[in-house]
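Note that the structure is a prediction, hence the values are computed from the model and not measured. Values below: every heavy atom of this structure, side chains too, minus hydrogens, waters and symmetry copies.
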Amino acid sequence: MSSPSKRREMDVMKLMMSDYNVEMINDGLNEFNVEFHGPKESLYETGVWKIRVELPDAYPYKSPSIGFVNKIFHPNVDELSGSVCLDVINQSWSPMFDLLNVFEVFLPQLLLYPNPSDPLNGDAASLMMKDRKQYDEKVKEYCEKYAKENTAEDDSEEEDEMSDNESSSSDGDVTRHADP
C-alpha cells in the first residue's frame, strides 16, 4: 500500500472516530458526506449542513474537493453548486493539513469570517457590503429553511411537525436518515 493511500485511510478513520457523522459513498474512501454544524456564536450556529468530500488519488499532496450539499447563503460558497472558495483548500493546501483541519478550522473560519471581496456568490457579497442587517437576516432564513438538523431520536421533531403543518413536505433539500 502506497503512502498516500495509507494517509487517506488514516485521515478518513480519524474523521470517523471524531464527533462528525460520516456517510461513505460507494465502497471506497474517496467520496463521503460529513454532517457539519455551524460554528457557535455565528450567524450559522443553528445550521447543519451535509458537506460532500472527494479525495483525489494524490491526497494528501492534492487538496480535497469540498462542497455544501444543502444550500447556504455565504459570499464564498456558490449557491447552486455548493463549491467553496477557500484559499487554504484551493491554492495553499499542504500535506501537513488533514480532514479534521477542514472541519474543525477551515470551514468554521470561512463561516465566521466571510470575504465579500473574493465572492463565489455575488448576491451574498453585495448584500453583505451594502446592508449587513438584511444579509444577516437572509443567512438566518437560509439556515432555517435549508439547514435544519433531522434526527430520528429528537423528541422536538414531533412538536415541530404539529406546529409546522404548512411546511411538512418542503424539506426536499435536506435528506433524512432513517435509523436501522
To the nearest 0.5 Å, what is the distance between CE on Met24 and CD on Glu31?
9.5 Å
Heavy-atom side-chain contact between Val48 and Phe36 under 4.5 Å
no
Got a donor-acceptor contact below 3.5 angstrom from the Arg52 side chain to the Gly82 backbone?
no
Assert yes or no for the condition that the ring centre distance of His74 to Tyr44 is strictly below 6.0 Å.
yes
Please report the shortest heavy-atom distance between Cys143 and Thr46, naming the atom on each side.
CB-OG1, 3.7 Å
Less than 4.5 Å apart, any side-chain heavy atom of Asn115 and any of Ser117?
yes
Within the side chain of Trp49, is there an N or O that forms a donor-acceptor pair under 3.5 Å with the backbone of Lys148?
no
Run through Asn101, Ile66, Leu100, Leu111 and flag the one making a side chain to side chain contact (heavy atoms under 4.5 Å, CB included) with Phe106.
Asn101
Distance from Gln134 atom CD to Met128 atom CE, nearest 0.5 Å?
14.0 Å
Hey, could you give me the CZ/CG distance between Phe73 and Asp123, rounded to the nearest 0.5 Å?
6.5 Å
In Å, rounded to the nearest 0.5 Å, how long is the span from NE2 of His37 to CG of Leu107?
13.0 Å
Asp11 side chain near Leu29 side chain, heavy-atom distance below 4.5 Å
no
If the condition is salt bridge (charged side-chain N to carboxylate O under 4.0 Å, His left out), which residues does Asp118 pass it with, not counting sequence neighbours?
none
d(Glu35 CD, Asn33 CG) to nearest 0.5 Å is 10.5 Å
Just wondering, do Tyr59 and Leu99 contact through their side chains at under 4.5 Å, heavy atoms?
yes
A side-chain contact here means heavy atoms from C-beta on lying under 4.5 Å apart; do Glu79 and Leu120 qualify?
no
Determine whether more than 12 heavy atoms belonging to other residues, nucleotides or ligands lie under 6.0 Å from atom CD of Glu41.
no
Find out if a path of hydrophobic residues (ILVMFWY) with successive side-chain heavy-atom gaps under 4.5 Å connects Val105 to Tyr20.
yes
If only atom types and distance count, is the side chain of Ser63 paired as donor or acceptor with the main-chain N or O of Ile89 below 3.5 Å?
yes
Verify side chain to side chain contact (heavy atoms under 4.5 Å, CB included) between Val22 and Phe103, making sure each step is shown before the conclusion.
CA-CA 12 Å; Val22 179; Phe103 290 96; over 6 Å; no
Min side-chain heavy-atom separation Val77-Asn121 under 4.5 Å:
no
In this structure, OH of Tyr135 is separated from NZ of Lys130 (nearest 0.5 Å) by 15.0 Å
Does any non-hydrogen side-chain atom of Met10 lie less than 4.5 Å from one of Asp98?
no
Using modelled atom types only, decide if a donor and an acceptor are shared between the side chain of Trp93 and the backbone of Pro64 within a distance under 3.5 Å.
no
Check each of Lys133, Lys138, Arg132 against Asp136 using the salt bridge (charged side-chain N to carboxylate O under 4.0 Å, His left out) test, and report the only one that passes.
Arg132
Connected via hydrophobic side-chain network under 4.5 Å: Met13 and Phe97:
yes
Counting distance only, does the side-chain N/O of Arg8 pair as donor-acceptor with the main-chain N or O of Pro56 below 3.5 Å?
yes
Quick check: do Leu43 and Lys140 have side-chain heavy atoms less than 4.5 Å from each other?
yes
With no hydrogens and no angle check, is any side-chain donor or acceptor of Asn70 less than 3.5 Å from a backbone partner on Lys50?
yes
List for me each residue that meets side-chain hydrogen bond (donor to acceptor under 3.5 Å, both in side chains) alongside Ser42, sequence neighbours excluded, and say none if there are none.
none
